[in-house]
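These notes concern the structure reproduced below.
Remember, it's 1-based here, ligands and their atoms both numbered in the order they're listed.
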Amino acid sequence: MTEKAYAKINLTLDVINRRPDGYHNVKMVMQTIGLCDEVTVELSDEKGIAITSDSPVVPCDESNIAYKAAKIMLDIAGSHSGVRIHIAKRIPVCAGLAGGSTDGAAVFTALNDLLGLKLPKSRLMEISAPVGADIPFCIMGGTALAQGTGTELSSLPSFRENTVLLVKPPINVSTPWAYKNLCLDEVIHPDVDAMVRKLEKQDYTDFYSCMGNVLESVTVPAYPVIADIKKAMLEHGAEFSMMSGSGPTVFGFFKDKAAAEVAGEYFRKKFDEVIITKTV
Ligand code: ATP
C-alpha cells in the first residue's frame, strides 16, 4: 500500500506558556501542503520492521518515526508479521515541515488497513500523539487549530488554495533549542483567534495581519539567513512570507504559479532546496 504523506506549514504559531513538565502550550493553525513523501508499506513473512529510503539522510533504524508507528500498530494487532516500509523522500529533512511525523502518520493509516484493525481516525490520532506532537495533525490533514502541546486539534474550514514557495537554507535548527530560548515576555503574539474567526467566515481581508510565528524571535537573530530569505521573497513578489514551525524553512504565498516560478528561479541560484507547491 502506498500512501502520500503530506507536509505542513504553520499559518500562525503562538506559544502560550511553559508547562511544569517542560513542554509548552501552543496555539497554532496548521495547514497541509501538496508537497509529499510516498510511503510504501507491506506485510511480509520475514520478521521485524525493515525501513529503506531513497534519501541518505533518513534514518533506517528504530529512530525512524515510521518504525515507531509500525511497532505500535503490530503490538495493538498482536501480529507477529513483518513489515517493510520504503520512504521516497521529497520533503526536506529537519525543515519545520513535519517530514518525519507525516511518514509516521502514513504508516499508522496504512497498517490500520493492512492489519484489518479498522480503528477510527480519532483513535489513530490518540495513539500516535506520544510518538510525536505533529502526527495527529498529519493523520487529520487540511486546516486545523492545534492547542495544548499541539495535539488538541479542531478542524477548521479549509484555507483558500494558495501557491506556496518553500526555501530551506542549509542549516539545522533544533526544535528543543528554539523553545528553550524563547522569551515569552518579549514576543509579539499573533492574533490566532482572529485568524480562526476569519477562516470560519472565509473572510480573507487583512488575513496576513493575523499570521505570525513567535519562534522567529529565536531563530532569526541566530540565523540571519532566515530574515534574508523572508525579505527576498517579498522583494520577488510574495504577498506574505514567514518561517514554518521551528524552521529553518521559509514559505511565501504567491498570486499564482507563474509568480512563484519567478521568485523560485532567483532562490535556486542560491539554495538547493527550493520547492513550489500549494495549500491543500
Ligand atoms: P517538525 O516540523 O515536526 O519539527 P522537521 O520537519 O523539523 O519536523 P523532520 O524532517 O521530521 O524534522 O526530522 C527531524 C529528525 O527526525 C531528523 O533528525 C531525522 O533524523 C528524524 N527522523 C525520524 N524519522 C524520520 C523520517 N521518516 N523522515 C525524516 N526524518 C526522520
Side-chain angles (χ1 to χ4, degrees), residues 2-13 15 23-24 26 28-33 35-41 49-72 83-111 128-141 144 146 149-151 153 164 166-180 182 213-216 218-219 223 226 242-251 273 275 277:
T2 299
E3 291 276 330
K4 281 189 158 59
Y6 293 97
K8 62 86 190 165
I9 54 173
N10 298 84
L11 295 183
T12 190
L13 192 164
V15 178
Y23 287 96
H24 289 78
V26 297
M28 53 194 185
V29 176
M30 320 268 278
Q31 173 63 51
T32 301
I33 53 172
L35 170 68
C36 61
D37 292 343
E38 279 192 1
V39 182
T40 303
V41 185
I49 301 163
I51 311 239
T52 53
S53 176
D54 59 357
S55 161
V57 290
V58 169
C60 289
D61 57 10
E62 299 85 356
S63 70
N64 196 305
I65 301 175
Y67 183 102
K68 296 178 189 170
K71 173 104 182 47
I72 290 174
V83 177
R84 275 206 297 261
I85 300 168
H86 181 74
I87 300 170
K89 199 74 191 163
R90 306 289 169 264
I91 304 170
V93 176
C94 289
L97 299 171
S101 301
T102 195
D103 294 345
V107 171
F108 275 109
T109 306
L111 283 179
S128 65
V131 184
D134 283 343
I135 305 179
F137 171 73
C138 293
I139 291 173
M140 183 182 197
T149 56
T151 59
L153 297 169
V164 180
L166 302 168
V167 177
K168 182 192 173 277
I171 49 171
N172 285 338
V173 176
S174 144
T175 304
W177 167 85
Y179 275 94
K180 198 164 151 246
L182 181 65
N213 180 346
V214 295
L215 296 177
E216 284 183 354
V218 183
T219 56
Y223 304 103
I226 293 170
M242 201 175 91
M243 185 182 80
S244 183
S246 56
T249 304
V250 173
F251 66 88
E273 295 183 285
I275 295 159
T277 181

- Task: Give the numbers and elements of all ligand 1 atoms closer than 4.0 Å to a heavy atom of T175.
- Result: 4 (O)
- May I ask you to decide if A95's main-chain N or O and T249's side chain share a donor-acceptor pair within less than 3.5 Å? yes
- Would you say the side-chain atoms of D37 pair up with the backbone N or O of V39, donor to acceptor, closer than 3.5 Å? no
- Got a donor-acceptor contact below 3.5 angstrom from the T102 side chain to the A7 backbone? no
- Does the pair D103/K68 count as a salt bridge with the N-to-O cut at 4.0 Å? no
- Message: With a 3.5 Å distance limit and no angle check, can you tell me whether K168 reaches the backbone of G247 through a side-chain donor-acceptor pair?
- Response: no
- Query: Under 3.5 Å between some N or O of ligand 1 and some N or O of V58?
  - Reply: no
- Any atoms of ligand 1 less than 4.0 Å from a non-hydrogen atom of K89? List them with their elements. 28 (N), 29 (C)
- Query: Can you check whether L35's main-chain N or O pairs, donor with acceptor, with T277's side chain at less than 3.5 Å?
  - Reply: yes
- Message: Within the 4.0 Å heavy-atom shell around S101, which atoms of ligand 1 are there?
- Response: 3 (O)
- Note on the structure: Going by the 4.0 angstrom heavy-atom rule, the piece of C94 near ligand 1 is both
- Item | Full working for side chain to side chain contact (heavy atoms under 4.5 Å, CB included) between I85 and V107 | CA-CA 8 Å; I85 300 168; V107 171; 4.0 Å; yes
- atom 5 (P) of ligand 1 sits nearest the protein heavy atom G96 N, 3.5 Å
- Any N or O of P59 that comes nearer than 3.5 Å to an N or O of ligand 1? no
- Message: Please confirm whether S246 approaches ligand 1 to less than 4.0 Å, judged on its heavy atoms.
- Response: no
- Query: Is atom 7 (O) of ligand 1 less than 4.0 angstrom from at least one protein heavy atom?
  - Reply: yes
- Item | Under 3.5 Å: donor-acceptor pair, side chain of N64, backbone of P59 | yes
- Item | Shortest non-hydrogen contact from T219 toward W177 | CG2-CZ3, 4.1 Å
- Message: Please list, in number order, the atoms of ligand 1 under 4.0 Å from a heavy atom of D134.
- Response: 1 (P), 2 (O), 3 (O)
- So which bit of I87 gets within less than 4.0 Å of ligand 1, heavy atoms only: side chain, backbone, both or neither? side chain
- ligand 1 atoms in contact with G99 (distance to a heavy atom under 4.0 Å): 6 (O), 11 (O)
- Short question: side chain of E216, backbone of M243 - any donor-acceptor pair under 3.5 Å? yes
- Could you tell me which atoms of ligand 1, counted from 1 in the order shown, lie closer than 4.0 angstrom to a heavy atom of S63? 23 (C)
- Task: With heavy atoms only and a cut-off of under 4.0 Å, state how D103 meets ligand 1: side chain, backbone, both or neither.
- Result: side chain
- Item | Ligand-residue contact atoms, ligand 1 with I65, heavy atoms, under 4.0 Å | 23 (C), 24 (N)
- Message: Tell me whether G247 has any N or O atom under 3.5 angstrom from an N or O of ligand 1.
- Response: no
- Task: Using distance alone, decide if ligand 1 has a nitrogen or oxygen within less than 3.5 Å of any nitrogen or oxygen in G100.
- Result: yes
